[in-house]
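First up is the structure itself, then whatever we jot down about it.
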Amino acid sequence: MDINVVNALTYEDFVKLFGNVVEKCPLIPAAIWSHRPFKDLADIEAHIKEFIHSLPDSGKEGVLRCHPDLAGLDLQSGTLTRESQEEQSQAGMTTLDSAESLQMYRLNTEYKERFGFPFVICARLNSKADIVRQLSERLKNDRAAERERAVEEVTKICSLRLRNIVLSDIQTKL
Ligand SMILES: NC(=O)NC1=NC(=O)NC1=O
């Protein structure tokens with residue numbers, strides 16, 4: 001998608017297109033719309049990262065809490081967003097056996113009890129084994145370090161979602 005097309009979008013169309021690049025946080029594209037015209041896709045990404053990094057710790061944790069657990073209730077009940085559903089199934093979260101599901105449930109619960117926000121990782125960049133390993137390892141972090149690490153993962157998810165939108169638009173034009 002040509003950046004000039006993005007820059008010409010109305011606010012409503014911009015948020016319709018980019019509203020879920022950060023899971024269930026349409027406020028973020030709604031806020032960065034003020035920064036148009038954007039130079040390119042990387043510029044949009046940079047403004048989103050700047051918005052998130054400028055949040056107070058409570059705001060960052062709020063963004064993390066908008067993310068569904070991996071292999072959690074939303075996946076079981078089919079209430080994941082389209083993007084999350086694709087990401088989680090790609091990471092093998094939809095084909096866990098009962099032991100793996102129980103392990104994910106236990107680790108996610110321990111993680112949330114320790115940090116007060118859910119474990120977030122960019123599922124598209126990790127296998128099932130990577131996710132379990134990262135979840136186990138990151139449990140040992142202190143809260144501040146883990147908050148920053150989780151926010152890093154949110155920005156990776158966002159980058160991939162942004163690219164997906166732009167590239168799928170190019171494909172429809174081909
Ligand atoms: N808790 C999570 O990490 N959730 C997710 N990561 C993704 O990449 N997609 C999700 O739904």
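Basis for what follows: all heavy atoms, side chains included, without hydrogens, waters or symmetry-related copies.
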Mind checking what makes salt bridge (charged side-chain N to carboxylate O under 4.0 Å, His left out) contact with [X], not counting sequence neighbours?
{"X": "Arg149", "value": "Glu153"}
{"X": "Arg106", "value": "none"}
{"X": "Lys16", "value": "Asp13"}
{"X": "Glu146", "value": "Arg138"}

Is [X] reaching over with its side chain to a backbone N or O of [Y], donor-acceptor style, under 3.5 angstrom?
{"X": "Gln76", "Y": "Ala71", "result": "yes"}
{"X": "Asn164", "Y": "Leu160", "result": "no"}
{"X": "Asn20", "Y": "Lys24", "result": "yes"}
{"X": "Asn7", "Y": "Arg36", "result": "no"}
{"X": "Asp130", "Y": "Ser127", "result": "yes"}

Partners passing side-chain contact (heavy atoms from CB on, under 4.5 Å) against [X] (at least two apart in sequence or in another chain):
{"X": "Glu100", "answer": "Leu96, Asp97, Lys128"}
{"X": "Ala42", "answer": "Asp40"}
{"X": "Arg163", "answer": "Leu41, Glu45, Ser159"}

Counterpart residues, side-chain hydrogen bond (donor to acceptor under 3.5 Å, both in side chains), relative to [X] (two or more places apart):
{"X": "Thr81", "answer": "Glu23, Ser84"}
{"X": "Asp74", "answer": "Thr79"}
{"X": "Gln88", "answer": "none"}
{"X": "Lys49", "answer": "none"}

Kindly give the heavy-atom pair with the smallest separation between [X] and [Y], and that separation in Å.
{"X": "Ile165", "Y": "Leu17", "value": "CD1-O, 3.3 Å"}
{"X": "Ile131", "Y": "Ala91", "value": "CD1-CB, 3.7 Å"}
{"X": "Arg161", "Y": "Val21", "value": "CD-O, 3.6 Å"}
{"X": "Leu70", "Y": "Met93", "value": "CB-SD, 4.0 Å"}
{"X": "Val15", "Y": "Pro29", "value": "CG2-C, 4.4 Å"}
{"X": "Ile32", "Y": "Phe51", "value": "CG2-CB, 4.4 Å"}

Checking His35 now: which residues fulfil ring-ring contact (aromatic ring centres under 6.0 Å, His included) with it, not counting sequence neighbours? His47
I need the Thr155 OG1 to His53 NE2 distance, nearest 0.5 Å. 5.5 Å
How are the rings of Tyr111 and Phe117 set to each other: parallel, tilted or perpendicular (split at 30° and 60°)? perpendicular
N-O pairing of Lys112 and Asp69 below 4.0 Å: yes
Salt-bridged, Glu86 to Arg82, with N to O below 4.0 Å? yes
